[in-house]
Amino acid sequence: MLTQKEIEKFVTLINSGKNTYKDIHNEFPNLSDSTLIDLIGDDFLIGDDFETKNFIYLSNRISKKIPILIFFTKVPDNYSENYTFKDDDSFELSVHGENILYQIEKEYQSEQNTKEAIRWAKYATILTLIGLIYQFITSAKSSILNLLQSISGLMPLIFLLLFLFSKHHLLM
């Protein structure tokens with residue numbers, strides 16, 4: 001039996017076009033032929049009482065909750081429970097396999113959308129900081145100008161006081 005991670009990798013592999021027995025065996029060297037047969041939804045075509053075996057096999061698959069992930073692209077004429085796979089046997093995804101692929105793609109798209117939202121949030125934060133710095137500089141510049149204008153408005157008074165103080169100081 002495959003883990004969820006292995007199932008997702010398996011489905012992605014088949015969908016990528018690497019869908020032959022050789023491709024599967026290269027990617028999953030420890031996958032036994034009997035486990036692979038469990039994942040195939042095609043009925044056996046030959047063998048002793050193959051119709052009864054198909055029924056028993058289907059019942060076992062249901063009781064073990066083994067998902068049908070693939071079908072042969074072309075079912076071999078000698079397909080049975082003891083089938084020996086050929087390197088060029090090819091497979092396509094079942095509806096369940098397609099559903100798993102859809103979930104994988106949906107999760108990937110959601111992850112990409114999240115990354116994009118985070119990127120835009122970073123840009124917004126940077127622009128907000130730039131705006132705050134600009135506002136602070138503008139405000140500080142305005143305050144300095146107001147201070148200078150206030151001081152320049154007081155200049156005649158300051159000169160008068162200095163003049164009087166220096167005259168008064170000279171008289172003493």
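Within the structure, ring pair (Phe, Tyr, Trp, His ring centres under 6.0 Å) contacts touching residues 89-115 (residues at least two apart or in different chains) are F72-F91.
For the pair P67 and I7, the tightest heavy-atom approach, listed with the atom from each and the gap, is CG-CD1, 4.4 Å. Of all heavy-atom pairs between I68 and I40, the closest is CG2-C, 4.2 Å. Minimum interatomic distance between L93 and N15 (heavy atoms only, all atoms of both residues): CD1-CB, 4.0 Å. When all heavy atoms are compared, the tightest approach of I100 to E8 is CG2-CG, 4.2 Å. Of all heavy-atom pairs between E6 and T3, the closest is OE1-N, 2.8 Å.
Not one N or O on the side chain of S90 forms a donor-acceptor pair closer than 3.5 Å with the backbone of T73. Remark: the backbone N or O of E107 is not paired with any side-chain donor or acceptor of S110 at under 3.5 angstrom.
To the nearest 0.5 Å, the span separating OG on S94 from CG on L69 amounts to 5.5 Å. Separation of atoms NZ (K74) and CG (D42) is listed at 11.5 Å; rounding is to 0.5 Å. Rounding to the nearest 0.5 Å places CG of N19 at 10.0 Å from CZ of F10.
The environment of NZ in K86 is crowded: more than 12 heavy-atom neighbours from other residues, nucleotides or ligands sit within 6.0 Å.
A donor-acceptor contact closer than 3.5 angstrom links the side chains of N113 and Q109.
For Y21, the ring pair (Phe, Tyr, Trp, His ring centres under 6.0 Å) partners are H25, F85, not counting sequence neighbours.
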